[in-house]
Amino acid sequence: MAKKLSFFARLSYGVFFFLSKYIIIAKTTIYKAENAARKDVEQMSKDKKLVEAITPINEDFARWYTDIVKNAELIDYSSVKGCVVLRPYGYAIWENVQRILDGMFKELGHENVYMPMFIPESLLQKEKDHVEGFAPEVAWVTHGGTEPLAERMCVRPTSETLFCEHYAHIIQSYRDLPKLYNQWCSVVRWEKTTRPFLRSREFLWQEGHTMHETSEEAVAETTRMLECYREFAEDYLMMPVVCGRKTDSEKFAGAEATYTIEAMMHDGKALQSGTSHYFGDGFAKAFDITFTARDNTLQHPFQTSWGVSTRIIGAIIMTHGDDNGLILPPAVAPIQVVITPVAQHKEGVLEAAAALKKRLKDAGIRVLCDDTDNSPGWKFAQYEMKGVPIRLEIGPRDIESGNCVLVRRDNGAKEVVALADIESTVHTQLDELAKALFERALNNRAQRSFTCATYGELEKAVEKDVGFYKTAWCG
RNA sequence: CCGGGUGUGGCGCAGCUGGUAGCGCGCUUGACUGGGGGUCAAGAGGCCGCAAGUUCAAGUCUUGUCACUCGGACCA
């Protein structure tokens, strides 16, 4: 088995165990852009007088991705490599992700805390595997002002060590367990190859760190949080995922087992979208965390950690987007409905648009009315680029007939709908759009999933088709 | 870390064998428009990455340097 795994590692394939007896092999390289197509697109953009053309998805997937993150105004590059500016629209997506996940965590009994961003070198080094895994990619702080520090400190790449130090202070008895903490923060990993959202040097995430009385309880927490992530991905982001366990070579540094949700991107590659780790009592021993058990013996607690990062935004883009730009699942879309007034200088149009906006807002829908004097065509293209799920057009004709035009972002379908019950119409359409996104992603995954009976068969198949492979030969 | 490429208005680029900087988009103002990226007119905006050198003269040539980028290596 070890030999086979190293073979896959060389090919940049991720290998992980499906939760049943299958393993799944999926290409997991981080996308890199290529130069070739750029000039053609720029030329095309000139010829067609388009404002911002993006590279077609089937021509160069990586370039398509970069064009979207820039043109949909999610990020701006900064002067620090691998560190991006999250612009209001991009950050708003993250805020929605935060709001939903945070609610789910609290429902499960977790509490939020905040740890320092600096870790003294000696603290990082307490757990051997952990430091070996992370030391090559941490950023170091060596000076305070002009004075060299007595001990250098790293900017947290993850906070296990800080949580452990703290837990050692506050856990005395089995009565103190479990401890279910989570924090929202940014971490720094000095990556050499960076891509917005997918692999950056600083990124935002949440990291949950829990301590338990028994290993059974900690294992249960690990799978409970993996299930939480699955539910979030599938029910809110409309992104089907495969739950599984990473091989030893890919598991978290210091963990006993790493579980993951893997989503298939539009091009058939896998993206690790959330992880949940079981640590056993390895860290507890290294950090000397003990508690008095029910039988009055001194024991080490069992630990888990789990995290989802802004990479999930990259997953949303690559799962649902198309040649016209981003498509956002309604649950996390900063704007769920955009209203574009037509012939807005004519009497009554802007007033009708404003009234429509108010009704939708009162119905709990995130709505924007774009009354700038850009042309309607420009607005259509702009909000398609930004992935707004539903567009409502309202002009003199509609006002007269008591209707408006509803356009769906996922399939472009246009429909004249009555203003009278617009709230329920929009709610229904948002729901249907969400379901359609999930179905489409599921179909894509099904079309790119294969089964191999033997190892030899698998070797040949992975060269031909990018996708997920199930094999039965590994028990 | 190794190799290739690129640095010129906000963005994308042109600028040949040296002669003192131009195009498209965007931006500003106004008018006409408006149901798929509108039209016209008038404007604003540049130490040509940085430093040194060659020259009467450097965006252009030479050297150095910095940054970015692509590929490789490295990387949960």
Side-chain angles (χ1 to χ4, degrees), chain A residues 5 9-10 12 14-16 28-30 32-54 60 62-63 66-67 70-71 76-82 129-130 132-138 157-158 160 187 189-195 199 201 245-255 257-260 262 272 274-277 305 307 309 311 324-325 339-346 349-350 370-385 391-399 401 403-407 412 414 416:
Chain A
L5 289 182
R10 274 207 311 280
S12 297
V15 183
F16 60 99
T28 56
T29 48
I30 290 295
K32 290 177 180 173
E34 287 158 28
N35 271 330
R38 193 62 206 163
K39 292 234 166 174
D40 297 346
V41 172
E42 274 154 14
Q43 191 53 47
M44 191 177 79
S45 157
K46 272 185 192 172
D47 294 348
K48 291 187 180 171
K49 288 201 144 189
L50 298 181
V51 175
E52 294 284 352
I54 62 171
D60 182 342
R63 181 66 74 178
T66 308
D67 287 348
K70 287 196 298 197
N71 292 347
D76 183 30
Y77 289 103
S78 76
S79 55
V80 183
K81 177 185 164 71
D129 290 340
H130 188 67
E132 276 177 17
F134 281 105
E137 57 178 37
V138 294
T158 178
E160 271 74 12
V187 290
R189 300 177 187 183
W190 216 251
E191 306 284 356
K192 292 188 174 161
T193 302
T194 60
R195 303 278 292 144
R199 176 165 289 158
R201 285 185 173 169
R245 182 178 160 185
K246 287 281 188 186
T247 57
D248 282 352
S249 63
E250 289 200 324
K251 80 180 179 190
F252 181 88
T258 287
Y259 299 87
T260 160
E262 302 271 341
Q272 178 180 302
T275 51
S276 184
H277 315 288
S305 82
S309 74
R311 178 183 278 181
N324 291 327
I339 299 169
T340 57
V342 174
Q344 62 188 31
H345 67 291
K346 292 197 175 139
V349 172
L350 281 178
D370 186 347
D371 56 5
T372 64
D373 58 4
N374 289 309
S375 74
W378 185 90
K379 291 177 189 173
F380 299 164
Q382 178 71 3
Y383 292 103
E384 278 166 13
M385 177 63 69
R391 178 175 84 237
L392 295 177
E393 301 169 20
I394 186 160
R397 265 187 267 156
D398 309 296
I399 295 165
S401 61
N403 295 318
C404 66
V405 177
L406 183 151
V407 185
K414 280 191 189 185
V416 177

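Quick note: numbers below take in every heavy atom, side chains included, and nothing from hydrogens, waters or symmetry partners. A note on names: the letters A, B, ... follow the listed sequences, proteins ahead of strands, and every chain is numbered from 1.
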[X] side-chain proximity, nearest of [options]:
{"X": "A:Ala381", "options": "B:G35, B:G37, B:G34", "answer": "B:G37"}
{"X": "A:Phe380", "options": "B:G34, B:G35, B:G37", "answer": "B:G35"}
{"X": "A:Gln344", "options": "B:G34, B:C74, B:C75", "answer": "B:G34"}
{"X": "A:Arg189", "options": "B:G34, B:A76, B:G37", "answer": "B:A76"}

| task | Please list, chain by chain and in numerical order, all residues satisfying ring-ring contact (aromatic ring centres under 6.0 Å, His included) with A:Tyr383, sequence neighbours excluded. | result |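 ring-ring contact (aromatic ring centres under 6.0 Å, His included) list for A:Tyr383, sorted by chain: empty.
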
Taking a pair as Watson-Crick or G-U wobble with both distances under 3.5 Å, which nucleotide is matched to [N]?
{"N": "B:C68", "result": "B:G5"}
{"N": "B:G46", "result": "none"}
{"N": "B:G35", "result": "none"}
{"N": "B:G18", "result": "none"}
{"N": "B:C40", "result": "B:G30"}
{"N": "B:G53", "result": "B:C61"}

| Between A:Pro157 and A:Arg391, who's closer to the 5' end of RNA chain B by nearest nucleotide? |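 Comparing both residues, the 5'-ward one is A:Arg391.
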
| message | On RNA chain B, compare the nucleotides closest to A:Ser375 and A:Ala343; which residue's is nearer the 5' end? | response |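 Final value for this comparison: A:Ala343.
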
| With a 4.0 Å cut-off, would you call A:Glu137 and A:Arg201 a salt bridge? | no

Quote, to the nearest angstrom, the [atom1] distance that separates [N] from [M].
{"N": "B:C16", "M": "B:U54", "atom1": "P", "result": "24 Å"}
{"N": "B:G46", "M": "B:C23", "atom1": "C1'", "result": "14 Å"}
{"N": "B:A73", "M": "B:G36", "atom1": "P", "result": "50 Å"}
{"N": "B:G18", "M": "B:U55", "atom1": "P", "result": "15 Å"}

Using a heavy-atom cut-off of under 4.0 Å over every strand shown, decide if [X] touches base, sugar-phosphate, or nothing.
{"X": "A:Gly395", "answer": "base"}
{"X": "A:Glu137", "answer": "sugar-phosphate"}
{"X": "A:Tyr77", "answer": "nothing"}
{"X": "A:Lys379", "answer": "nothing"}

| Got a donor-acceptor contact below 3.5 angstrom from the A:Arg195 side chain to the A:Ala62 backbone? |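 A pair under 3.5 Å: yes.
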
| message | Can a donor-acceptor pair be found, under 3.5 Å and without considering hydrogens, that links the side chain of A:Glu393 to the backbone of A:Cys404? | response | no

| task | Go through A:Thr372 and A:Lys379 one step at a time and tell me if the side chain to side chain contact (heavy atoms under 4.5 Å, CB included) criterion holds. | result | CA-CA 9 Å; A:Thr372 64; A:Lys379 291 177 189 173; 3.6 Å; yes

